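First the structure, in the form of structure tokens, and then the observations on it.
It should be emphasised that the depicted structure is a prediction, and the values quoted were computed from it without experimental measurement.
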Amino acid sequence: MARTNLSMSISADGYVAGPNQSEDQPLGVGGMALHEWHIGPAADHPVNRQVVSDMMDGMGATIMGRNMFGPVRGDWANSDWKGWWGDEPPYHCPVFVLTHHAHDPIKMAGGTTFYFVTDGIESAYARAKEAAGDRDISIAGGASCARQAIKAGVVDEIDLQVSPVILGSGERLFDGFDAGVPKLELDRVLEAPGVVHLRYRVIR
């Protein structure tokens, strides 16, 4: 059965990005440290490779927020920004970007096309489901997009890659939820050097 997976690297104090995000520091001050598990020396550890595969391989569609797509704010104007990932992004599927400002689709090499959705997470999810068919959907982040997806009730499982990093401020994943919401059940615990991978099933 197709699943909708939310996967995010997170600090020990609950942040998925540090403060002062910019083009030079897209994950904010200190935020890159959260991703050492898959871009640092331990990237080839079998557990980390498994988690990356679970996160990326075979996805039928991806949803992300505009802040994850890039640093451009407000109207797109004449911006030629095409994402952080070069000519061939790692998604290899349709990617639906939440934004308040319309933009023509951007077709990239390797099967990735960025579509810009201006009418909210429910619309993005409906389009992602149609594009994915019987394949899985990934909620890629950032924090605002993730919170919207959780609140909309479209997330089946949440994967958190927890690093022993304290950011102190920035973008916190679970801000704005009532106590006990969402209701989670621990489904999997994996460990690799410097990171614990937790999977929670969302109970509806």
Side-chain angles (χ1 to χ4, degrees), residues 1-18 26-28 31-40 42-65 67-69 84-85 89-93 95-96 98 121 124-125 128-129 132 134-165 167 170-177 180-204:
M1 185 175 177
R3 66 194 169 113
T4 298
N5 173 271
L6 165 61
S7 185
M8 301 197 77
S9 297
I10 192 167
S11 69
D13 56 345
Y15 293 96
V16 295
L27 294 170
M32 285 301 293
L34 305 181
H35 296 267
E36 280 294 306
W37 67 272
H38 69 97
I39 61 173
D44 286 330
H45 189 282
V47 168
N48 290 337
R49 292 177 65 182
Q50 175 189 341
V51 171
V52 170
S53 177
D54 288 348
M55 187 191 315
M56 303 295 293
D57 294 349
M59 289 292 172
T62 296
I63 299 172
M64 70 173 60
N67 286 3
M68 183 169 176
F69 177 73
W84 304 100
W85 305 278
Y91 301 103
H92 310 297
C93 66
V95 177
F96 298 92
L98 299 178
I121 184 65
Y125 185 71
K129 278 192 71 174
D134 59 358
R135 292 184 295 166
D136 296 335
I137 296 171
S138 171
I139 308 294
S144 176
C145 173
R147 289 192 295 264
Q148 291 176 62
I150 294 169
K151 289 177 180 179
V154 302
V155 177
D156 298 311
E157 62 188 25
I158 299 174
D159 284 349
L160 300 179
Q161 298 89 45
V162 186
S163 296
V165 173
L167 291 180
E171 289 284 337
R172 194 187 293 273
L173 178 57
F174 289 110
D175 270 354
F177 291 90
V181 179
K183 185 176 180 182
L184 303 176
E185 179 177 88
L186 185 62
D187 190 51
R188 185 179 76 176
V189 180
L190 301 174
E191 184 179 356
V195 65
V196 176
H197 302 284
L198 305 177
R199 171 170 291 172
Y200 295 96
R201 188 162 56 91
V202 179
I203 308 300
R204 298 189 177 90

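- Looking at heavy atoms from C-beta onward, S163 lies out of side-chain contact with I10 at the 4.5 angstrom threshold.
- Of the inter-residue distances, the one linking L98 atom CG with S144 atom OG reads 8.0 Å to the nearest 0.5 angstrom.
- A donor and an acceptor atom, one from each side chain of Y91 and S138, are nowhere located under 3.5 Å apart.
- A donor and an acceptor atom, one from each side chain of S7 and Q161, are located under 3.5 Å apart.
- Between C145 and I139 there is a side-chain heavy-atom pair separated by less than 4.5 Å.
- Inter-residue side-chain proximity for L34 and L27 is flagged as unmet; no heavy-atom pair is nearer than 4.5 Å.
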Run V51 and L190 through side-chain contact (heavy atoms from CB on, under 4.5 Å) and show every step you take.
CA-CA 9 Å; V51 171; L190 301 174; 4.1 Å; yes
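- Taken to the nearest 0.5 Å, the CG atom of L186 stands 12.0 Å off from the CD1 atom of I158.
- Of all heavy-atom pairs spanning P193 and H45, the tightest one is CD-CD2, 3.3 Å.
- Side chain of S53 to main chain of D57: no donor-acceptor pair is present (N/O by atom type, distance under 3.5 Å, no hydrogens or angles).
- In this structure, R199 pairs ionically with E157, as a charged nitrogen and a carboxylate oxygen lie closer than 4.0 Å.
- For the atom pair CZ of F96 and OG1 of T62, the computed distance is 9.5 Å after rounding to the nearest 0.5 Å.
- The backbone N or O of Y200 sits nowhere less than 3.5 Å from a side-chain atom of D187 that would complete a donor-acceptor pair.
- Atom CZ of R188 sits in a crowded spot, with more than 12 heavy atoms from other residues, nucleotides or ligands closer than 6.0 Å.
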Report the C-alpha distance between I203 and L184 in whole Å, list the side-chain angles of each, state the deciding distance to 0.1 Å, and finish with yes or no for side-chain contact (heavy atoms from CB on, under 4.5 Å).
CA-CA 6 Å; I203 308 300; L184 303 176; over 6 Å; no
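- To the nearest 0.5 angstrom, I63 atom CD1 is 7.5 Å from T4 atom OG1.
- Taking the six-membered ring for Trp and the full ring otherwise, the centers of H197 and W37 sit less than 6.0 Å from each other.
- Note that CG of L6 is 11.0 Å distant from CG of D156, once rounded to the nearest 0.5 Å.
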Give the C-alpha distance, both sets of side-chain angles, the deciding distance and a yes or no for side-chain contact (heavy atoms from CB on, under 4.5 Å) between L173 and M8.
CA-CA 9 Å; L173 178 57; M8 301 197 77; 3.7 Å; yes
Should R147 and E171 be marked as a salt bridge (Lys or Arg N to Asp or Glu O under 4.0 Å) after you check the CA-CA gap, both sets of side-chain angles, and the distance that decides it?
CA-CA 11 Å; R147 289 192 295 264; E171 289 284 337; 3.8 Å; yes
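- Between atom CZ of residue F174 and atom OH of residue Y15 there is a gap of 14.0 Å, rounded to the nearest 0.5 Å.
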Let me see the working for F177 and I150 under side-chain contact (heavy atoms from CB on, under 4.5 Å), right down to the final yes or no.
CA-CA 10 Å; F177 291 90; I150 294 169; 3.5 Å; yes
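- Residues R49 and D44 meet the side-chain proximity criterion, which asks for heavy atoms closer than 4.5 Å.
- M56 approaches P90 most closely through the heavy-atom pair CE-O, 3.2 Å.
- Side-chain atoms of R204 come within 3.5 Å of backbone N or O of G153 as a donor-acceptor pair.
- N48 contributes a side-chain N or O that, together with a main-chain N or O of A42, makes up a donor-acceptor pair within less than 3.5 Å.
- Between M55 and M59 the shortest heavy-atom distance is O-CE, 3.5 Å.
- Under a 4.0 Å N-O distance rule, the pair R3/D54 does not qualify as a salt bridge.
- Residue-environment remark: CD (E191) stays at or below the threshold of 12 foreign heavy atoms within 6.0 Å.
- Nearest heavy atom pair, residue A61 against residue A128, reads CB-O, 3.6 Å.
- Judged by distance alone, the side chains of N5 and D159 do bring a donor and an acceptor atom under 3.5 Å apart.
- Here the side chain of D134 pairs no donor or acceptor atom with the backbone of A2 at under 3.5 angstrom.
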